[in-house]
K.L.:
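The following block contains the structure, expressed as structure tokens.
The analysis underlying the following values was restricted to heavy atoms, covering all of them including side chains, and did not include hydrogens, waters or symmetry mates. When a residue number appears, it is its place in the shown sequence, counting from 1. Just so it is clear, the structure is predicted and the values come from calculations on it, not from any experiment.
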Amino acid sequence: MDAKDVAADLDRVIVTADEIAVKTAELAAQIDADYAGREVLLVGVLNGAVMVMSDLSRAMRSRLKMDWMAVSSYGAGTKSSGVVRILKDLTIDVLDKHVLIVEDIVDTGLTLSYLVDNLKGRGAASVEVAAMFRKPAALTTVVNVKYIGFDIPNDFVVGYGLDFNGHYRNLRDVAVLGKHMYS
């Protein structure tokens with residue numbers, strides 16, 4: 001879906017599909033260099049990270065495995081609830097593995113901080129984070145994100161895996177959702 005297809009729902013596009021493609025290639029090259037000679041386990045955070053994980057993994061040259069977790073701190077609203085719940089756990093044991101958590105967005109940092117601590121507690125050899133988007137103004141928890149695509153404003157955004165009530169994930173760009181759509 002293109003932004004023009006849902007233009008009446010959006011305030012403005014903040015990151016285009018072309019910009020995302022360029023940044024994905026840059027991130028993949030950096031991750032490949034950092035993990036040279038080691039296998040990496042990409043852990044995608046469902047559902048939002050599907051697009052990021054797909055594009056990033058295909059751009060990488062590293063030997064890798066992939067697995068998925070589903071966690072929630074949102075519910076159906078536009079603000080984090082503050083409570084993290086694991087809805088789907090990993091199928092691969094992370095013990096002694098180099099884990100790269102792949103996220104669509106870092107908002108408050110609460111969910112990500114929980115995941116990093118959780119995977120370290122399972123005995124991973126290393127745990128790092130790659131996120132396509134980060135909202136610095138929304139951070140309430142300190143979390144180290146090694147690979148960041150874009151810092152974006154603290155607005156409610158949709159597209160490239162980011163949703164509102166399950167909609168807009170297939171929007172190629174990332175855009176600020178018009179308040180009239182959720183207020």
Side-chain angles (χ1 to χ4, degrees), residues 1-34 42-62 66 68-74 76-80 100-113 115-116 128-183:
M1 173 188 326
D2 292 322
K4 66 179 168 52
D5 298 325
V6 289
D9 299 354
L10 308 175
D11 278 350
R12 68 190 183 283
V13 171
I14 58 173
V15 184
T16 68
D18 290 342
E19 292 169 323
I20 292 168
V22 168
K23 185 58 73 173
T24 299
E26 291 172 4
L27 291 173
Q30 183 61 54
I31 294 166
D32 284 338
D34 291 350
L42 300 182
V43 173
V45 182
L46 294 170
N47 288 324
V50 169
M51 306 301 184
V52 179
M53 181 87 138
S54 175
D55 291 347
L56 182 65
S57 65
R58 288 181 298 149
M60 290 175 61
R61 305 255 185 262
S62 297
M66 295 173 23
W68 299 91
M69 289 185 85
V71 296
S72 176
S73 67
Y74 278 89
T78 62
K79 300 283 185 198
S80 176
L100 179 61
I101 299 170
V102 179
E103 268 280 27
D104 53 351
I105 193 165
V106 180
D107 198 324
T108 64
L110 177 69
T111 302
L112 199 48
S113 176
L115 283 178
V116 168
E128 298 292 351
V129 177
M132 187 56 69
F133 306 101
R134 177 178 64 178
K135 294 181 180 179
L139 289 169
T140 61
T141 303
V142 176
V143 61
N144 182 31
V145 181
K146 187 167 184 176
Y147 309 100
I148 299 167
F150 301 91
D151 281 333
I152 61 174
N154 191 19
D155 294 314
F156 193 77
V157 295
V158 294
Y160 198 66
L162 301 162
D163 77 306
F164 175 64
N165 285 339
H167 298 284
Y168 306 102
R169 287 192 195 278
N170 61 327
L171 178 61
R172 290 179 183 91
D173 305 310
V174 171
V176 175
L177 185 64
K179 288 185 181 179
H180 65 282
M181 295 304 297
Y182 60 88
S183 56

K.L.:
Would you name the heavy atoms of Leu10 and Ala175 that are closest together and state the gap between them?
P.N.:
CD1-CB, 3.8 Å
K.L.:
Would Asp32 and Ser62 count as having a side-chain donor-acceptor pair, cut-off 3.5 Å?
P.N.:
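Yes - a donor-acceptor pair under 3.5 Å links their side chains.
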K.L.:
Counting only N and O atoms by type, is there a donor-acceptor contact under 3.5 Å from the side chain of Thr24 to the main-chain atoms of Ile20?
P.N.:
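Side chain of Thr24 to backbone of Ile20: a pair is present.
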K.L.:
Kindly compute the distance separating CE (Met181) from CG (Asp11), expressed to the nearest 0.5 Å.
P.N.:
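With rounding to 0.5 Å, CE (Met181) is 11.0 Å from CG (Asp11).
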K.L.:
Report the residue from Val174, Leu177, Asp107, Leu171 that forms a side-chain contact (heavy atoms from CB on, under 4.5 Å) with Val157.
P.N.:
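The single option meeting the side-chain contact (heavy atoms from CB on, under 4.5 Å) with Val157 is Val174.
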K.L.:
Tell me the closest heavy-atom pair linking Met60 and Leu42, and the distance in Å.
P.N.:
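Reported closest heavy-atom pair: SD-CD1, 4.1 Å.
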K.L.:
For Pro153 and Arg12, work out which heavy atoms get closest and say how close.
P.N.:
CG-NH2, 4.1 Å
K.L.:
Got Thr108 and Thr141 here, is their nearest side-chain heavy-atom distance under 4.5 Å?
P.N.:
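No. Closest side-chain heavy atoms not under 4.5 Å.
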K.L.:
Nearest 0.5 angstrom please: Met132 CE to Glu103 CD, how far?
P.N.:
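Those atoms lie 12.0 Å apart.
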K.L.:
Taking all atoms of both residues into account, what is the closest heavy-atom pair of Ala138 and Asn154, and its distance?
P.N.:
CB-OD1, 3.4 Å
K.L.:
Where do Val106 and Leu139 land on the side-chain contact (heavy atoms from CB on, under 4.5 Å) test, with the steps shown first?
P.N.:
CA-CA 8 Å; Val106 180; Leu139 289 169; 3.6 Å; yes
K.L.:
Can you name the nearest heavy-atom pair linking Ile31 to Ala130, along with the distance?
P.N.:
CD1-CB, 4.4 Å
K.L.:
Can you tell me how far the NZ atom of Lys23 sits from the CD1 atom of Ile148, to the nearest 0.5 Å?
P.N.:
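CD1 of Ile148 is found 10.0 Å from NZ of Lys23.
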K.L.:
Can you tell me if Ser113 uses its side chain to pair, donor with acceptor, with the backbone of Gly109 under 3.5 Å?
P.N.:
no
K.L.:
What's the separation between atom CG in Leu100 and atom CG in Leu27, rounded to the nearest 0.5 Å?
P.N.:
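Reported to 0.5 Å precision, the distance equals 10.0 Å.
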K.L.:
Under 3.5 Å, is there a donor-acceptor pair between the side chain of His167 and the main chain of Val158?
P.N.:
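Side chain of His167 to backbone of Val158, a donor-acceptor pair under 3.5 Å: no, none is there.
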K.L.:
Starting at CG of Leu162, measure out to CE of Met51 and round the result to the nearest 0.5 Å.
P.N.:
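Rounded to the nearest 0.5 Å, the CG-CE separation comes to 10.0 Å.
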K.L.:
Side chains of Asp9 and Phe164, heavy atoms from C-beta outward: is any pair under 4.5 Å?
P.N.:
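Counting from C-beta outward, Asp9 and Phe164 never come under 4.5 Å.
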K.L.:
Within this structure, what is the OH-CD distance for the pair Tyr147 and Glu26, rounded to the nearest 0.5 Å?
P.N.:
14.0 Å
K.L.:
Indicate yes or no for a side-chain donor-acceptor contact from Asp163 to the backbone of Tyr168 under 3.5 Å, with no hydrogens or angles considered.
P.N.:
no
